[in-house]
Amino acid sequence: MHKYIFRRILMLIPVMLGVSFVVFTIMFFTPGDPARIMLGERAPADEVALLRTQMGLDDPFLVRYVNFVVNAVRGDLGRSLVTRRSVAAELFSRFPATMQLAAAAVLVSVAMGIPIGIISATKQYSVFDGFSMALALVGVSMPNFWQGMMMILLFSIAIGILPSSGYGTFWHLIMPAVTIGTSSAAIITRMTRSSMLEVVRQDYIRTARAKGLSESVVINRHALKNALIPIVTVIGLQFGYLLGGAVLTETIFAWPGVGRFMVDAIRQKDFPVVQGGVLLLALTFSLVNLIVDIMYAYIDPRIKAQYK
Amino acid sequence: MRFAKSIAVALVLIIVAGTLFAAGAKEPQATKTQNRDTIVVAMGADARSLDPHETNDQPSARIMKQIYSTLMHQTEDLQIEKGLVTDYRVVSDTVYEFTLPSGVMFHNGETLTSRDVKFTFDRMREKNAPAGFLMAALDRVEVIDDLNFRMVLEFPFGPFLTHLAHTAMSIVNEKAVTAGGADYGRSPVGTGPFKFVEWRAGDSITLERFDDYYRGPAQASTIRFRFIPEDANRAIAIETGEADIVFDVGPNDFANLEALPSVITSQITGLTTFYMGFNAAKAPFDDIRVRRAINLALDVDGATEAAFLGFATPADGPLPPSVLYANQDLDGYGYDPAEARRLLAEAGYADGFTTSIWTNNNPVRVMYSEIFQEQLRQVGIEVSIEIMEFAPYLDRTALGEHDMFMLGWVTVTGDADYGLYSLFHSTQFGDAGNRTFWGNAEVDRLLDVGKTNPDPAQREQAYMRAQEIITEQAPWVFLANRDELNATRNYVEGFIPHAAGHHNLYRVYNR
Amino acid sequence: MANSTADNDQPVVKATPTPNPAGTSTVQTHPKTPKKQRSQWAEVWRRLRRNRMAMVGLGVIVVIILTAIFADFVAPYGFREQNLRLRNNPPSREHILGTDDLGRDILSRIIHGSRVSLQVGIVAVSIAVIIGGSLGALSGYYGGRLDNVVMRAMDVLLAIPSILLAIAIVSAFGGGLVNVMIAVGIASIPQYARIVRASVISVKEQEFVEAARAVGARDFRIIVKHIIPNSLAPIIVQGTLGVAGAILAAAGLSFIGLGIQPPTPEWGAMLSAGRHLIRTAWHVATFPGIAIMITIFALNLLGDGLRDALDPRLKQ
């Protein structure tokens, strides 16, 4: 098992190298001259050229890439071209907001997804099944930015109980979390449903039923317990995705997260921020998955055996 | 399996705890807060840096305006008056002498002296400050004594004092700059009415009253700038009372806010000109008849009404009317498709031609483009629209790869030099600002006169004539001058909007 | 693990990045010989037909496809016909869904927009299926070092948040229909690679494949004749949900302003252009929003229905 964990951690190295290479390549092809961005539109061409040389922008592609990797390994992600602040400081000042939103969104999607999934599975093909699946799908079907706007109109203006945008208190968190949470609830619902459907067909559930246990005991005690494993995996994955994926919601609610910052950076050609930011998000994503997989392997002896 | 369950429970608990811990650390607050002492200002974007020599963007300038002072000061009606200085003397066309008041304090406790002024302008040049071009005429600053200094110009420069009033000319303190190091832009120190307290990246910047401000303490004790990118949400923030002042209300929201008794709206003529430029270096736009024909083929007023919902003045010439030396007697082009077709035929394009409009994804510019695409189709010109990202858009239009393009220009200084020179002088082709590549010897001469002649009467005369020629030659389709739309809660007193958007919040308070 | 439309901030949501040995939710088809396939598909159709929700979804999608095909005949006005005097008019007899901020008929633009949205969805998913599917098939079939390299490459793509990847691609190579489809497609390659690889691995050890190999069938033939048909089921499910994800992703790109160029009527672009008017002219954003919602909803219903119908473990 330890060998497995160690191997998985080692595997992160080529993946992170790959991530940095892909991002570096795309940014390389992105029009826009970082030196020009730093000096502004009005700077004379010779000064821009000088800064290009100083920044090593005239070096060949591979040299630049290797320099970037070497610096990154040393922990130096450079400074933002736009704010001139160190990339690490910029990212870490926004990371807590991102983590909060991702965590709260997962919470919402779990709170919606698991009950709906269970109901839907235990009453497969019933009106109830159809209705609850439909409910779970409404969130996923609305583009997030639209759903966000509608919620603001409802809860901030019509009812007037929630702040319309911003960051800082629990109340600010509710609408963005619900917006994202409802759109990923469908996945948890699906997973719960199919996982439950499989489990309830297992022999030991039949045995439990045959023993005369009540349906709710069968479902809650026996079926759910076993169905939970894959659901936990999906929850972990969702958390990983939401770290970088909540861009539109962050914009609508003026949420100061990493995702929106990254989009701005891509658009302003703030190359160091894009590179550092994607690395941070990719690393977090990979680590969350690693943890989930390790947990998973611990839980299920069959899997543990495979990875000995 | 008990293990699985406990893991699941633990995971959920961690998430809940994390969420509550991180999010709920502060007291829940109701949406409607009218805090007497704190003014909450909503604006569209975060500042980039609060070091005046690192950036020249509007969001940063709006905050630096409160933190720093400039030698000269531009009033809300665009008059130039003494700012930080108590006195100034124009010794000659190229020599100005200034006197500072004694006992002006920086936020770090240092006292302002002539050496700070010299340090500021030396550093601006050394750091290649993005706004440094405004001081291109300045050769050097000479310290006479603690409170007196001399600015020596390389050449006579008409709008020199005006440029000294620009927020980017804020005076910094050497000790503070050195102490701040590479992150000075995150710990700014000025002599302004408010001192920097906290910057929550992407969310807000908080400033606090500086009690030793040399003109006396400001009214409000705290100002919090909040960054809300969506127009609609900024308007909602003022409607719900989450913000006390909102900068840049969207035209769609303005009418809504006007109807609310709790909100006071303000509409003033701005300094922003929207235009569609032709690439005059390229056929067919090298032909003045084609440029004039397109001006005539477009229902600009209709398009402006659609794009701004009436919150803009249709432009008849290159300068907004509130700019110093704007020519108010220009007639513009009007809408005359028949005449447009005649001119096109005369130029040899009776059957029209195919071309493109480039724009960045600014909604107003895209809207104009879509309307013009349809209207030009009526006179036989097939237009494709290309929307691109702003940085490559600027790069490629600077290289002259475009046909027609949508841009705007803010004459921040309120002086005709700023509004005309970069855009129409033939030495300014490309990056410097003249993306039409249109030049005219007479206009060049007139703009040079306006730039270097300190005599207001002669400047005025030169600029009036230059604007006539530019309008007649039509390197642009003159679109509109946008109004500045702002709003405050009805209990906010003392807010006077500035046409350049750098609103001074010194006198603002909540009643 | 087909979790297509997780957060519609993301162009596509990714499949599990690690092998899922339990495979609980992966749709697995029992291997079958080509001969038996016809009856198997008939069985699937029979099961699908019993699922009312899925049939509703299917019906809606058929209607949308027909609308897209016959847009020129169905739409009452041209999608670029402007009338600046009729801006933001509410629904009326002449303009059933009202007019937008340039006085264009919203119904006509929604009808023409169905072409764009379907095109984006289908082409993006096709790109992902073709590239991802081939990589997954090769990787699963040959295994070994090739498998390792391909799967690490997929890990790389998975680890980059897909909306950021799509934005970066569009930002580097420009907006427009084609680039949007490519960007969204590339970002969803890994999920198909994983699905196909998993089913190839499960199929390739089966007797009938061994038999084909024994009689000297070439690799290519085995892949095309035996392996691909057997991985179709999970791809169909994932693809259906993927089309929904791609449409939402394109809408998201439009919101950021990196979408399809005007005057092409794309639903997401119409919705985001109309969002400023939500309080003064609600219909401008609402109807394109509803169009997106109905389409995504229908695709999800159908996708879920297909999953049930294709999953032999759920046979009753």
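Naming convention: chains lettered A, B, ... in sequence-line order (proteins, then strands); numbering from 1 in each chain. Note that this is a predicted model, so its numbers are computed, not measured.
For the pair A:Arg193 and C:Asp308, the minimum side-chain heavy-atom distance is below 4.5 Å. Using a 4.5 Å heavy-atom cutoff, the side chains of A:Leu137 and C:Ile296 are not in contact. For the pair C:Ser171/A:Lys269, a side-chain contact is recorded, criterion being any heavy-atom separation below 4.5 Å from C-beta on. With a 4.5 Å cut-off on side-chain heavy atoms, A:Arg190 and C:Leu241 count as touching. Side-chain contact between C:Phe255 and A:Val247 is absent, with no heavy-atom pair separated by less than 4.5 Å.
Counting heavy-atom pairs closer than 4.5 Å to chain A, the top-ranked of the candidates C:Ile256, C:Leu301, C:Ile294 is C:Ile256.
For chain C, the nearby part of A:Leu153 is the side chain; its heavy atoms alone come within less than 4.5 Å. Both the backbone and the side chain of A:Val138 have a heavy atom closer than 4.5 Å to some heavy atom of chain C. For A:Thr251, the part lying under 4.5 angstrom from a heavy atom of chain C is the side chain only. For C:Leu299, no part lies near chain A; criterion is any non-hydrogen pair under 4.5 Å. Heavy atoms closer than 4.5 Å to chain C are found in the side chain of A:Ile157, but not in its backbone. At a 4.5 Å heavy-atom cutoff, C:Ile247 makes no contact with chain A through either its backbone or its side chain. For C:Thr286, the parts lying under 4.5 angstrom from a heavy atom of chain A are both the backbone and the side chain.
Across all their heavy atoms, A:Thr30 and C:Ala172 have their closest contact at OG1-CB, 3.3 Å. Residues A:Pro143 and C:Ile292 approach most closely at CG-CG2, 3.7 Å, considering heavy atoms. The two residues A:Met149 and C:Arg275 make their nearest non-hydrogen contact at CE-O, 4.1 Å.
Atom-to-atom distance recorded for A:Ile26:CD1 and C:Ile169:CD1 is 4.5 Å, nearest 0.5 angstrom. To the nearest 0.5 angstrom, A:Leu279 atom CG is 9.0 Å from C:Ile160 atom CD1. To the nearest 0.5 Å, atom CE of residue C:Met293 and atom CD of residue A:Gln147 are 9.0 Å apart. Between A:Phe145 atom CZ and C:Ser254 atom OG the span is 7.5 Å, to the nearest 0.5 Å. How far CH2 of A:Trp146 is from CG of C:Leu248: 11.5 Å, rounded to the nearest 0.5 Å. Atom CE of A:Met150 and atom CH2 of C:Trp282 lie 9.5 Å apart (nearest 0.5 Å).
Residues of residues 15-22 of chain A lying within less than 4.5 angstrom of chain C, judged on heavy atoms, are A:Val15, A:Gly18, A:Val19, A:Val22 in numerical order.
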